[in-house]
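Note that this is a predicted model, so its numbers are computed, not measured. We're numbering straight along the sequence, starting at 1.
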Amino acid sequence: MEALKLKTVDDLLAASSERIELMNGELIKRPMARSEHALVQSGLSDETLPFKRKSGSGGWWIMTEISVRYTENHCPTHDLAGWRKESLPLSPVGRTLVRHSLGFLRKLSG
């Protein structure tokens, strides 16, 4: 029997679709979001507004639908994730895979 080759972050970045995520070495198609899910997600984003300082020290980067790289073979897309600006001084731009740090991380069901 042939061993299964685990997919990597490079495979994820080379994929033509952006509606996939890397879960334990496998590229998985993400389902379309339901409107109820989007409403909850945006509501939670609104609730975190006090943590999003626009200037000065401290505060958080709080993002929706962001890919978080845990290992070379595991990079899921989270509904809502956040990092203290002290641990991630510059906001990610473009198709960046944010590395996991000591910030909070939460995945919603839906």
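- When every heavy atom of Asp11 is checked against every heavy atom of Leu27, the shortest pair comes out as O-CD1, 4.2 Å.
- The line from CG of Asn24 to SG of Cys75 is 12.0 Å long, rounded to the nearest 0.5 Å.
- Rounding to the nearest 0.5 angstrom, the gap separating the CD1 atom in Ile62 from the CZ atom in Arg84 is 10.0 Å.
- Taking the side chain to side chain contact (heavy atoms under 4.5 Å, CB included) definition, one finds that Thr64 meets it with Gln41, Ser45, Leu80, sequence neighbours left out.
- Here the side chain of His78 pairs no donor or acceptor atom with the backbone of Ile66 at under 3.5 angstrom.
- The two residues Trp60 and Lys85 come nearest to each other via the heavy atoms O-CE, 3.5 Å.
- With sequence neighbours left out, Glu72 forms a salt bridge (Lys or Arg N to Asp or Glu O under 4.0 Å) with Arg69.
- Atom CE in Met23 sits 9.0 Å away from atom OG1 in Thr77 (nearest 0.5 Å).
- No single ILVMFWY cluster, assembled from side-chain heavy atoms under 4.5 Å apart, contains both Leu6 and Val9.
- Atom-to-atom distance recorded for Thr71:OG1 and Leu22:CG is 7.0 Å, nearest 0.5 angstrom.
- Residue pairs satisfying the salt bridge (Lys or Arg N to Asp or Glu O under 4.0 Å) criterion with at least one member in residues 22-31, sequence neighbours excluded, are listed as follows: Arg30-Glu65.
- Checked by atom type and distance alone, the side chain of Arg19 pairs as donor or acceptor with a backbone atom of Pro31 at under 3.5 Å.
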